[in-house]
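Everything on this sheet refers to the single structure shown next.
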Number of protein chains: 2
Amino acid sequence: MISSIAELISDRIGSMPAGERRAAQTLIANYPLTGLKTVAEFSAAAGVSSPTILRFVARLGFQNYPEFQSALQDELAAQLQSPASRTLNPGSVGGAASPMLEATLDNMRETFRHLTDKQLADIAARLAERRGKTFLIGGRFTDPLARYMAAHLAIIQPDVYHLAGQESIWRDRLIDMGKRDVLVIFDIRRYQESLVRFAEKAHHRGVQIILFTDQWLSPIARFARHVIAGRTAVPSAWDSSAALFVVAETLIGAVTRQLEAAGAKRIRDLESLR
Amino acid sequence: MISSIAELISDRIGSMPAGERRAAQTLIANYPLTGLKTVAEFSAAAGVSSPTILRFVARLGFQNYPEFQSALQDELAAQLQSPASRTLNPGSVGGAASPMLEATLDNMRETFRHLTDKQLADIAARLAERRGKTFLIGGRFTDPLARYMAAHLAIIQPDVYHLAGQESIWRDRLIDMGKRDVLVIFDIRRYQESLVRFAEKAHHRGVQIILFTDQWLSPIARFARHVIAGRTAVPSAWDSSAALFVVAETLIGAVTRQLEAAGAKRIRDLESLR
DNA sequence: CAAAATACGTAACATAAGATACAGCGTTCC
DNA sequence: GGAACGCTGTATCTTATGTTACGTATTTTG
């Protein structure tokens, strides 16, 4: 079976005329980058003319050059998203849990690879600001993450509210929200209409939105000030929110550190209340 | 020093207008592939117009779009040639996020190292059994995990209940519980008295308890049929529930697989109800 | 609250990209 | 050795891509 374009090429390279073979070799030599450039650049690199490149691409079964490039990009996307772990700890755990765990670990690495410290620091700083209120809400499966985050934030600072219950209930809370406030939303596929509407209204009121979503970006990204895109794919019937969970914990930690002085006092006060 | 375009973006994303920020976020979300596509595709993915993309590119310091794409390609080429550098975003190495992430990943590996496949399979089988009801409850910080698990389990099988609200409320639910039922409890330090009391009473009624706890084991372990001990230590003021979260997701996946036949029909039925 | 400044999108434009037609050349087979 | 076939490159054309100008909406500032 032929799964990659590189395989396809080496499969047919034997039956190619000289010029096209040079194109093939040039492409393989630093695959797949040459194929992402323009026909002119490709042809120059291979030392052949543009039509030869196009004939080469046609021979591989593509209708036109853009189609060929799209295929390469898709392949690259798949490669970039499932990195190292194939080679790592090969025989550690052989059971049913292993693929799931490995995928989850990969997801976290990937998620953080796309997340710079500056981004995290900015978001943490915004959450640590105590000018306004902080609201948290999530979708059908992600609302527990909102709760988790709210439970921690509420301890180290005042005015943290988790929006729960029926849509009509939290929709009414919009009236309390203004431009000094922050709304943390968790929304992964399949994106919830009600959340999108809510986010839009909040946005129009000037509320700053921090969005936790998946790599395909919830439509709420349109309204969000900060977007955290986590990887969710695992070998299961369900998507995994684990990467987002870890980002949430990281942020909780960062905010706590920033509020250390003020927070410590608050925690002591809380303790004495129990 | 700024070495990659991703860094450059996250460095300036704060000072960008809304539209360009959306472009930036979309690009970062699956970097760098979106940037290799055409302006039209990029703009569509980001939900903005083409000129906004071009302005975004110009703000990053590029003369035109092709120059920007070339830079991305060069970066990609360097990355593809030295796989080692792909492990982590250079910007995150040594940053604030890294120790937290590393510790979390270690926790998960450790947690699963102490967890045999048989254990997981047994627990999944017990949860998949449909003789009795399934109740879930958690502590102050772990209750969201109980909710998360309940949200999924409730879809693939009937009689799944998350115990929420005040202690008195769920204590009264004890009357519904019997020896055919399962109670999933999440409890990590500092262990909650109320949960321990609840677990003890449930245990006396013959309820089978599945406990998610930390490596020091909640006192509830005494009453539990199955104990999952996750690692929770991270360089933060708080403990991390991430490892337990991943175990929960793994179990959800396993149970789903076991109930595939029955579950698929149920999911279809649910869909038709929406 | 008004006015200025900035940001955004629509639409028209220029350019560069990929596609095609055709002629020259080399190779191979009678 | 001559003729037919096939491969390759040059030149031309067409498409669609990136670019720019301008009017409107939005935000910011006095």
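Keep in mind that the numbers below use all heavy atoms, side chains included, and drop hydrogens, waters and symmetry copies. Proteins get letters first, then strands, A, B, ... in listed order; numbering begins at 1 in each.
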- Message: Check the orientation of F42(A) and F56(A). Use parallel for under 30°, tilted for 30 to 60°, and perpendicular for over 60°.
- Response: perpendicular
Worksheet item: Are R173(A) and F135(A) in a cation-pi contact, defined as NZ or CZ under 6.0 Å from the six-membered ring centre and within 45° of the axis?
Response: no
Scoring nucleotides 5-12 of chain C by protein non-hydrogen atoms under 4.0 Å (B base, S sugar-phosphate only, - none) yields --SBBB--
Quick one, Y148(B) with F141(A), criterion ring-ring contact (aromatic ring centres under 6.0 Å, His included). Give me CA distance, side-chain angles, the key distance, then yes/no. CA-CA 6 Å; Y148(B) 186 77; F141(A) 296 122; 7.2 Å; no
Has [X] got a side-chain atom pairing as donor or acceptor with [Y]'s backbone, closer than 3.5 angstrom?
X	Y	result
T142(B)	L145(B)	no
Q69(A)	G35(A)	yes
T213(A)	S218(A)	yes

Sidechain N-carboxylate O distance under 4.0 Å for D143(A), R147(B): no
R222(A) bridged to E200(A) by N-O distance under 4.0 Å: no
Per side-chain contact (heavy atoms from CB on, under 4.5 Å), N107(A) is matched among V246(A), L244(A), T232(A), V234(A) by V234(A)
In whole angstrom, what separates [X]'s [atom1] from [N]'s [atom2]?
X	N	atom1	atom2	result
N64(A)	dA17(C)	CG	C1'	12 Å
K37(A)	dA16(C)	NZ	C1'	17 Å
Y65(A)	dT20(C)	OH	P	16 Å

Rounding to the nearest 10°, end axes of the helix from dC1(C)-dG30(D) to dC30(C)-dG1(D) built from five pairs each make an angle of 30°
Its 5'-most and 3'-most nucleotides having an atom under 4.0 Å from a non-hydrogen atom of chain B, DNA chain D is contacted over dT17(D) to dT20(D)
Over 12 foreign heavy atoms within 6.0 Å of CD1, I169(A)
yes
